[in-house]
Amino acid sequence: MNQKNDYIAVFDSGVGGISVLRQLVKQMPGERFLYYGDSANAPYGTKTVAQVRELSVAVAEKLLAQGIKALVVACNTATAAAVDLLREKYADLIVVGIEPAVKLAADQFPGGTVGVMATPLTTDSEKLHALEARWQEKCNIIPLPTPGLVELVEAGKAVSAESEALLRPMLAPYAGKLDAVVLGCTHYPFAAATIRKVLGEKTVLLDGGEGTARETRRRLMAADLLRDGEGVIEIRSSAEDPQMINRCWELLKA
Ligand code: DGL
């Protein structure tokens with residue numbers, strides 16, 4: 001494989017996709033990863049579908065110019081709004097999206113009650129409605145849109161008095177009533193401690209990062225594109241503030 005087309009590109013509206021990158025690195029330590037956080041345009045989850053499609057294509061174009069063999073859309077919102085478009089536009093590229101881990105929750109908690117925390121765009125999306133319709137028989141699914149949490153994670157306040165004050169009114173009514181909560185936004189795993197504080201320490205939190213990494217590995221292996229060299233990670237951000245890149249590195253190590 002030409003070194004030029006050797007990157008696995010991973011993108012998100014901001015720092016959240018780092019929760020997926022860490023799973024990708026764990027499963028494929030010998031790959032070259034190029035992470036792009038579109039923090040200048042975050043949050044995506046309160047934008048229109050048309051805006052998120054436009055932003056996602058703009059990011060994909062930037063990444064393609066770097067020479068990539070796969071594109072991981074490490075953002076549930078961008079996946080819901082734009083993964084079909086990206087697959088159509090870049091038919092020769094491996095494009096992997098992430099979706100809320102509803103199947104995982106239904107398998108682990110048959111007959112249970114499962115909350116799905118996500119951005120408003122994701123909770124309103126056709127994709128999530130289809131997932132709910134598919135698994136509703138197996139468990140009771142409660143969508144929990146949590147606008148505002150992405151901004152706090154972007155600001156380095158995932159676990160803070162502010163995030164607790166934001167989440168308490170939205171989530172406290174469900175404390176002790178949920179068997180599990182699906183973290184349907186890649187920013188949310190970084191706020192896990194706050195979410196548990198509000199919902200109860202025993203709340204099981206599930207996310208799609210590991211499954212997405214597994215699917216990426218499977219697709220690369222099927223195409224004979226896995227690399228086993230020295231692992232490389234590059235992180236870029238659309239934000240002018242250099243602090244955003246530092247934040248990504250800190251979250252990767254968290
Ligand atoms: N990390 C994105 C997701 O998984 C957050 C979207 C946003 O920027 O609102 O949905």
Side-chain angles (χ1 to χ4, degrees), residues 9-24 35-60 71-86 95-102 104 115-129 131 143-158 163 166-167 170 181-192 194-195 205-213 215-216 235-239 241 244 247-248 251-252 254:
V10 183
F11 99 86
D12 177 49
S13 63
V15 303
I18 294 289
S19 65
V20 181
L21 179 63
R22 65 185 174 190
Q23 296 293 340
L24 287 159
Y35 183 85
Y36 188 88
D38 194 11
S39 289
N41 292 303
Y44 279 10
T46 46
K47 291 186 166 56
T48 64
V49 169
Q51 286 171 321
V52 174
R53 284 164 81 85
E54 198 177 313
L55 289 167
S56 300
V57 169
V59 170
L71 177 67
V72 180
V73 185
C75 176
N76 292 264
T77 306
T79 299
V83 80
D84 297 345
L85 173 65
L86 296 173
V95 178
V96 180
I98 185 166
E99 62 179 24
V102 176
L104 187 65
V116 180
M117 283 177 68
T119 67
L121 191 151
T122 302
T123 53
D124 288 344
S125 69
E126 296 271 320
K127 270 195 192 301
L128 188 64
H129 292 160
L131 266 180
L144 300 170
T146 39
L149 186 53
V150 166
E151 290 90 321
L152 289 175
V153 179
E154 286 287 304
K157 295 177 177 171
S163 64
L166 175 86
L167 291 178
M170 298 188 224
V181 174
V182 171
L183 302 180
C185 168
T186 55
H187 282 69
Y188 296 175
F190 298 115
T194 311
I195 295 166
L205 303 179
L206 302 168
D207 72 75
E210 198 183 329
T212 301
E215 173 65 5
T216 307
I235 297 182
R236 299 184 197 167
S237 169
S238 59
D241 181 359
M244 294 314 290
R247 185 155 300 139
C248 286
L251 292 173
L252 189 60

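Numbering of ligands and ligand atoms starts at 1, following listing order. For reference, positions follow the sequence shown, starting with 1.
Considering CG of Asn76 and CG of Leu128, their distance stands at 9.0 Å, rounded to 0.5 Å.
Salt bridge present: Lys127 and Asp84 bring a charged side-chain N and a carboxylate O closer than 4.0 Å.
A donor-acceptor contact shorter than 3.5 Å is absent between the side chain of Tyr44 and the backbone of Ala78.
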Given side chain to side chain donor-acceptor pair (under 3.5 Å), test Glu99 with Thr79 step by step and report yes or no.
CA-CA 7 Å; Glu99 62 179 24; Thr79 299; over 6 Å; no
What short N/O contacts, under 3.5 Å, does ligand 1 make with the protein, listed by atom pair and distance?
{"from": "ligand 1", "atom 1": "1 (N)", "to": "Asp12", "atom 2": "OD1", "distance (Å)": "2.8"}
{"from": "ligand 1", "atom 1": "1 (N)", "to": "Thr186", "atom 2": "OG1", "distance (Å)": "2.7"}
{"from": "ligand 1", "atom 1": "1 (N)", "to": "His187", "atom 2": "ND1", "distance (Å)": "2.8"}
{"from": "ligand 1", "atom 1": "4 (O)", "to": "Asn76", "atom 2": "N", "distance (Å)": "2.8"}
{"from": "ligand 1", "atom 1": "4 (O)", "to": "Asn76", "atom 2": "ND2", "distance (Å)": "3.1"}
{"from": "ligand 1", "atom 1": "4 (O)", "to": "Thr186", "atom 2": "N", "distance (Å)": "2.8"}
{"from": "ligand 1", "atom 1": "4 (O)", "to": "Thr186", "atom 2": "OG1", "distance (Å)": "3.3"}
{"from": "ligand 1", "atom 1": "8 (O)", "to": "Ser13", "atom 2": "OG", "distance (Å)": "2.6"}
{"from": "ligand 1", "atom 1": "8 (O)", "to": "Tyr44", "atom 2": "N", "distance (Å)": "2.7"}
{"from": "ligand 1", "atom 1": "9 (O)", "to": "Tyr44", "atom 2": "N", "distance (Å)": "3.2"}
{"from": "ligand 1", "atom 1": "9 (O)", "to": "Gly45", "atom 2": "N", "distance (Å)": "2.7"}
{"from": "ligand 1", "atom 1": "10 (O)", "to": "Thr77", "atom 2": "N", "distance (Å)": "3.1"}
{"from": "ligand 1", "atom 1": "10 (O)", "to": "Thr77", "atom 2": "OG1", "distance (Å)": "2.5"}

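Residues Val15 and Cys248 approach most closely at CG1-SG, 3.7 Å, considering heavy atoms.
Considering only heavy atoms from C-beta on, Thr119 stays 4.5 Å or farther from Thr46 through its side chain.
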